[in-house]
Amino acid sequence: MEQYAVRGGNPLVGEVEIGGAKNAALAILAAAVMTDEPVIIDNVPDLSDTKAMIQATESIGCQVEQLGRHTVKITAKTVNSLVVEDDSSKKIRGSYYFLGALLGRYKRAEVALPGGCNIGLRPIDQHIKGFRALGADVRIEHGLIITEAEQLKGNHIYLDVVTVGATINVMMAAVMAEGQTIIENAAKEPHVVDVANFLNSMGANIKGAGTDVIRIKGVHKLHGTEYTIIPDQIEAGTFMFAAAVTKGDITVKNVIPKHLESISAKLMEIGCEVEESDDAVRVVAAKPLTHTHVKTLPYPGFPTDMQPQITVALGLSTGTSIVTESIFENRFKYVDELTRMGANIKVEGNTAIIDGVSKYTGASISAPDLRAGAALVTAALAAEGISIIDDIKFIERGYEDFPHKLQMLGAQIEKVSTERELQKFRLKTG
Ligand code: EPZ
């Protein structure tokens, strides 16, 4: 079994290049099936989740050519099935984007009920409500969500909760519907905007993405395109917080600083210096961290995908902090692991009350999900002694070359798969 071995204590210092946004890539890879013409997508992060999406496009008959590690060419002219149920797509959440993409283009889709991180209930009622509003029939049979329509017709749709997934899925389904669709209470996340820009580059007519009202005028057909995915806000934020917890000095490069504003603001509040330039942000943690309160909210609020990372930092700050999770109801499972490293955190419902401690100590821990896993790695990097992190498959869903990027910043981290490799790591770093 593969694990990360970490010897903590080194401040992380240097520069790190951020890759393409995972959650934009998942939707864009699905949206590529909406035209017969070739689509070239650049800055696709090389992750197990994106690989699963690419395999799913192949499983329905698309031709996929990997033009480079981060560039993929997809031609959907040869699509021969509208059923997405291969094994890898069942494990990820993003596979639900085939519903909107295939329904929009072919007026029919059958997709296995989605997997993804276990962070709460994660219903899909708003996706279904949106498809039905466009005139589609939706039912769940034998583990598949089946949606079909004679014809899709634009409509006025009010989403009951702000949801990234439903906003993107309904937007894709509406792109070739007859007439105008208006999505109210839409999610405003950078990746919603990126997917809209991608679809517009294929000939769609989407306006307002990035605000809470998105207007889509149906077009008959989409065409091929060449498109570069935006940088990953959460990968960048994770490295920014890694600087804070290890008392380091990290410049995250190839980012859009505007997308990182809520993260930068919290870092400054807890005592870090943050310097922004055109496409980079530098975080310097020269002073002891101080406590604060934070509540996760849809964009432009503080992202739920950064909640474990800020909790790890606040666990090392002076005073008492409160973290409120308002998006997912079960996203504090990692706190038990952090407690094993010496953190003093009490969870009550969707709130964590954190009494800062002066240090963490290395322990054997497991990554319960993607972001919590990455946050625990940052805790291990700050901790005294060695930590062993299990279940790193979760972390690899969303962080390309994570140990390597950390090593380049001075971290002592290695992927090990045998007791012998672990012993070697102990000796080498001891
Ligand atoms: C996306 O999940 C991301 N996943 C998540 O990233 C991210 O945490 C989340 O958005 C919020 O930003 C992907 O893009 C693949 P939502 P998604 O729909 O689409 C409720 C990561 O670590 N809701 O915005 O599932 C839902 O329960 C992952 O990269 C409904 O009630 O999130 C939640 O409370 C984890 N009905 C809220 O809305 C619905 O039909 C927001 O969910 C849909 C959602």
Side-chain angles (χ1 to χ4, degrees), residues 20-67 69-117 122 124 127-128 131 138 140-148 164-166 168-173 175 191 194-195 198-199 202 222 224-225 227 229 370 393-394 396-398 400:
K22 171 189 75 113
N23 289 340
L26 299 177
I28 286 173
L29 288 166
V33 308
M34 297 182 77
T35 173
D36 275 353
E37 295 178 22
V39 168
I40 296 176
I41 312 165
D42 202 8
N43 210 25
V44 179
D46 184 11
L47 303 166
S48 56
D49 269 23
T50 48
K51 285 196 181 97
M53 278 308 272
I54 290 171
Q55 271 168 28
T57 59
E58 281 174 323
S59 79
I60 57 169
C62 292
Q63 284 168 28
V64 179
E65 222 179 305
Q66 199 73 46
L67 302 181
R69 186 172 182 202
H70 300 120
T71 309
V72 64
K73 180 175 168 188
I74 298 180
T75 312
K77 200 174 173 185
T78 45
V79 164
N80 53 24
S81 163
L82 301 178
V83 186
V84 181
E85 58 165 349
D86 60 304
D87 282 345
S88 46
S89 70
K90 280 183 199 154
K91 293 188 192 122
I92 63 169
R93 191 112 205 117
S95 57
Y96 61 19
Y97 289 130
F98 284 106
L99 285 169
L102 292 174
L103 178 67
R105 163 90 196 275
Y106 297 98
K107 312 291 174 267
R108 184 179 172 89
E110 295 187 27
V111 177
L113 278 161
C117 284
R122 309 189 79 179
I124 54 161
H127 303 237
I128 293 174
F131 297 151
V138 188
I140 297 176
E141 280 172 11
H142 311 295
L144 291 173
I145 309 162
I146 303 169
T147 177
E148 58 191 331
V164 172
I168 292 178
N169 238 339
V170 176
M171 189 166 80
M172 291 198 293
V175 156
H191 40 294
D194 207 35
V195 179
F198 172 74
L199 290 165
M202 294 170 86
L222 297 182
T225 185
Y227 191 83
I229 291 174
L370 162 58
K393 60 178 186 294
F394 289 119
E396 292 181 344
R397 295 178 77 143
E400 181 180 309

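Of all non-hydrogen atoms in M172 and A27, the two that sit nearest each other are SD-O, 4.1 Å. Of all heavy-atom pairs spanning L47 and E400, the tightest one is CD2-N, 3.3 Å. Scanning all heavy atoms of the two residues, the minimum distance from H191 to I168 falls at O-CD1, 4.3 Å. Between A173 and L103 the shortest heavy-atom distance is CB-CD2, 4.2 Å. A56 and V84 get closest at one heavy-atom pair: CB-CG1, 4.0 Å.
In terms of modelled atom types and a separation under 3.5 Å, the side chain of N169 and the main chain of Y96 share a donor-acceptor contact. In this structure, R122 contributes its side chain and R93 its backbone to no donor-acceptor pair below 3.5 Å. At least one donor-acceptor pair closer than 3.5 Å links the side chain of T78 to the backbone N or O of G61. A side-chain donor-acceptor contact under 3.5 Å links T50 to the backbone of P45. Here the side chain of T35 pairs a donor or acceptor atom with the backbone of E37 at under 3.5 angstrom.
For the pair L67 and I40, the minimum side-chain heavy-atom distance is below 4.5 Å. In this structure the side chain of M202 never reaches within 4.5 angstrom of the side chain of V175, judged on heavy atoms. Two residues are said to be in side-chain contact when any heavy atoms from C-beta on lie closer than 4.5 Å; S89 and V111 fail this criterion. Using a 4.5 Å cut-off on side-chain heavy atoms (C-beta onward), V138 and L99 make no contact. Inter-residue side-chain proximity for I54 and Q66 is flagged as met; some heavy-atom pair is nearer than 4.5 Å.
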*asked:* Between Y227 and D194, does the side chain to side chain contact (heavy atoms under 4.5 Å, CB included) criterion hold? Intermediate values first, please.
replied: CA-CA 10 Å; Y227 191 83; D194 207 35; 2.5 Å; yes

*Stepwise, does the side chain to side chain contact (heavy atoms under 4.5 Å, CB included) test hold for I229 with F198?*
CA-CA 8 Å; I229 291 174; F198 172 74; over 6 Å; no

_Applying side chain to side chain contact (heavy atoms under 4.5 Å, CB included) to Y97 and V195, what does each step give before you reach the verdict?_
CA-CA 11 Å; Y97 289 130; V195 179; over 6 Å; no

*asked:* If you apply the rule side chain to side chain contact (heavy atoms under 4.5 Å, CB included), what do you find for I60 with L102, and how did you get there?
replied: CA-CA 11 Å; I60 57 169; L102 292 174; 4.1 Å; yes

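A distance of 9.5 Å separates CG in D87 from CD in Q55, rounded to the nearest 0.5 Å. The distance from the NZ atom of K91 to the CG atom of D86 is 9.5 Å, given to the nearest 0.5 Å. Atom OG of S59 is separated from atom CD of E85 by 8.5 Å, given to the nearest 0.5 angstrom. For the atom pair L29 CG and T57 OG1, the distance stands at 7.0 Å (nearest 0.5 Å). Taking CD1 from I146 and CD1 from I140, the interatomic distance works out to 9.5 Å, rounded to the nearest 0.5 Å. Going from atom OG of S95 over to atom CD1 of I145 covers 8.0 Å, rounded to the nearest 0.5 Å.
With R105 as reference, D36 is the one residue of D36, V33, L222 to meet the side chain to side chain contact (heavy atoms under 4.5 Å, CB included) rule.
Ionic pairing of D46 and K51 is present here: one or more N-O contacts between side-chain nitrogen and carboxylate oxygen are shorter than 4.0 angstrom.
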